[in-house]
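Because the structure is predicted, anything quoted here is derived from the model rather than measured.
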Amino acid sequence: MLEVVVKLALVAAAFAVLPLLVGQIEHKVMAHMQGRLGPMYAGAFHGWAQLVADGVKFVQKEDVVPAAADRRIFKLAPVVALVPYLLVLLVVPVGPRGQVALDLGPGVFFALAVMGVGVIGAIMAGWASANKYSLLGGMRVAAQLMSYELPMVFAASSVAMAAGTLSLPGIVGEWRWYWLPWQAVGGVVFFVAGLAELRRPPFDMPVADSEIIFGPYTEYGGLRFALFILAEYAGIVVLCALTTVLFLGGWKGPFLDAELGWLWTLAKVLVLAFLVIWLRVSYPRLREDQLQRLAWVWLVPLSLAQLALTGVLKVAVG
């Protein structure tokens, strides 16, 4: 019982700290890449208090609920958008010898299924806001999810087939260095599809400020809006963690896997999070037709080709 409590406490601590850390890193990286001076002023040294200032700003804002809104669904939507990412962290292994809160047999499909639930929060927000533009934004979020869920599942299935198990710790245990070139296409497809599911730039068309206001979040302010932003950063952490476990060997590093496994996992997650931020700064936003074309014309065939290649090699080697 004590071991379970300690594991849950560590997962909760990681869920509380890592998304905020990624948010702070994004402030600083974007400030350097784009020459933004604002995020460097709060707190004297390198703008260390910028994240604190943002939190104070959200707390001070008035909590407004539209008169015609479905109040219960409106208030519940931010929680539905955030909590699934906490559940996914429960099955992500950070090191060898049982360093995972919950080792599920079908861990891969559990993680992907629960990640998809987070999008329901955006759909609930759009529907409950009693705003036709918010509703349209929610429908666009749903359309984007449907497009990118398929290649994401195919890419993850390729790794599960190669490892011969659906357990996330089992996949890391079977991982070998030569999987890097073998599963490279699947890794890129999984990562790109995950970014699209999170509506991160350049795949942020449904919530872009230059489109339908701010999509399903238009009527939100204060802490409820902050929960949606926190859900985005939590999604980045979860996506990077799953990519690390499935395609980059998880806790395996050049040396001392058993002793420093958790450190290798964390380092890989932070490097991928930096890549997420870099892509936001570097690439222009895709149009809606370009979003759909990328999914159906490129990512789905590539993920199917990766799945077929893995099947052929498994049969040939076996």
Heavy-atom closest pair, residues Trp251 and Trp264: O-CD1, 3.4 Å

Close side-chain approach of Trp278 and Met33, heavy atoms under 4.5 Å: yes

Determine the minimum heavy-atom distance between Glu219 and Ser129, stating which atoms define it. CG-CB, 3.7 Å

For the atom pair OG (Ser157) and CG (Leu112), what is the distance rounded to the nearest 0.5 Å? 8.0 Å

Using 0.5 Å steps for rounding, measure from the CG atom of Leu90 to the CG atom of Leu104. 9.0 Å

Closest non-hydrogen atoms of Ala155 and Gly186, given as atom of the first, atom of the second and distance, are CB-O, 3.3 Å

Test item: side-chain donor near acceptor, Asn131 and Thr218, under 3.5 Å: no

Does Arg176 form a side chain to side chain contact (heavy atoms under 4.5 Å, CB included) with Lys252? I'd like the steps, not just the answer. CA-CA 9 Å; Arg176 300 293 182 268; Lys252 294 184 176 181; 3.5 Å; yes

Would you say the side chains of Tyr41 and Gln50 form a donor-acceptor pair under 3.5 Å? no

Verdict with reasoning, Leu195 to Leu239, per side chain to side chain contact (heavy atoms under 4.5 Å, CB included): CA-CA 8 Å; Leu195 288 180; Leu239 172 64; 3.9 Å; yes

Donor-acceptor side-chain pairing of Glu174 and Thr165 below 3.5 angstrom: no

Closest non-hydrogen atom pair between Trp127 and Leu135, with its separation: CA-CD1, 4.0 Å

Flag yes if more than 12 heavy atoms outside Met146 fall under 6.0 Å of its CE atom; otherwise flag no. no

Minimum heavy-atom separation for Pro84 to Val117, with atom names? CG-CG1, 3.9 Å

Please check if Leu266 and Leu10 belong to a single hydrophobic cluster, counting links between Ile, Leu, Val, Met, Phe, Trp and Tyr side chain heavy atoms closer than 4.5 Å. no

Distance-only polar pair, side chains of Thr265 and Gln99, donor-acceptor under 3.5 Å: no

Please find the pair of heavy atoms, one from Gly250 and one from Val172, that lie closest to each other, and give the distance. CA-CG1, 4.1 Å

If Ile, Leu, Val, Met, Phe, Trp and Tyr residues are connected whenever their side-chain heavy atoms lie under 4.5 Å apart, and connections chain through other members, are Val94 and Val114 in the same group? no

Do the charged groups of Glu288 and Arg293 touch, with an N to O distance under 4.0 Å? no

Do Leu21 and Leu270 touch side chain to side chain, with heavy atoms closer than 4.5 Å? yes

Going through the checks in order, is the side chain to side chain contact (heavy atoms under 4.5 Å, CB included) test met by Arg200 and Val276? CA-CA 8 Å; Arg200 284 286 300 181; Val276 172; 3.7 Å; yes

Taking C-beta and beyond as the side chain, do Val91 and Asp103 meet within less than 4.5 Å on heavy atoms? no

Please find out if less than 6.0 Å separates the ring center of Phe247 from that of Phe190. yes

Can you confirm if the aromatic rings of Phe228 and Tyr220 lie within a centre distance of less than 6.0 Å? yes

Using the rule that Ile, Leu, Val, Met, Phe, Trp and Tyr join whenever any side-chain heavy atoms are under 4.5 Å apart, tell me whether Val119 and Phe225 fall into a single cluster. no

Between CH2 of Trp182 and CD of Gln306, what distance do you get to the nearest 0.5 Å? 8.5 Å

Would one find more than 12 heavy atoms of other residues, nucleotides or ligands at under 6.0 Å from atom NZ of Lys57? yes

Before giving the answer on side chain to side chain contact (heavy atoms under 4.5 Å, CB included), spell out for Leu8 and Val11 the whole-Å C-alpha distance, their side-chain angles and the decisive distance to 0.1 Å. CA-CA 5 Å; Leu8 292 178; Val11 170; 5.6 Å; no

What distance separates Leu102 CG from Leu168 CG, expressed to the nearest 0.5 Å? 10.5 Å

Assess whether a salt bridge exists between Arg199 and Glu232, defined as any Lys/Arg side-chain N lying under 4.0 Å from an Asp/Glu carboxylate O. no

Take atom CE in Met30; do more than 12 heavy atoms of anything else shown fall under 6.0 Å from it? yes

Looking only at atom types and distance, does a side-chain atom of Lys28 sit under 3.5 Å from a main-chain N or O of Gly47, one as donor and one as acceptor? yes

Pro201 versus Leu279: any side-chain heavy-atom pair under 4.5 Å? no

I need the Leu275 CG to Thr243 OG1 distance, nearest 0.5 Å. 9.5 Å

Would Val22 end up clustered with Leu248 when hydrophobic side chains under 4.5 Å apart are linked, directly or stepwise? yes

Using 0.5 Å steps for rounding, measure from the CE atom of Met161 to the CG atom of Leu307. 4.5 Å

CD of Glu3: more than 12 outside heavy atoms within 6.0 angstrom? no

Side-chain heavy atoms nearer than 4.5 Å, only ILVMFWY residues, links allowed to pass through others: does that put Phe191 and Tyr283 together? yes

Determine whether a donor-acceptor pair (N or O, by modelled atom type, separation under 3.5 Å) exists between the side chain of Lys314 and the backbone of Ala162. yes

Do Trp175 and Leu180 come within less than 4.5 Å of each other through their side chains, counting heavy atoms only? yes

If we ignore hydrogens and angles and just use 3.5 Å, is the side chain of Lys61 paired with the main-chain N or O of Leu223 as donor and acceptor? no

Compare all side-chain heavy atoms of Val192 with those of Phe203 and state whether any distance is below 4.5 angstrom. yes

Side-chain contact, heavy-atom cut-off 4.5 Å: Trp298 with Pro151? no

Would you check if Leu291 and Ser147 make a side-chain contact, meaning some heavy-atom pair closer than 4.5 Å? no

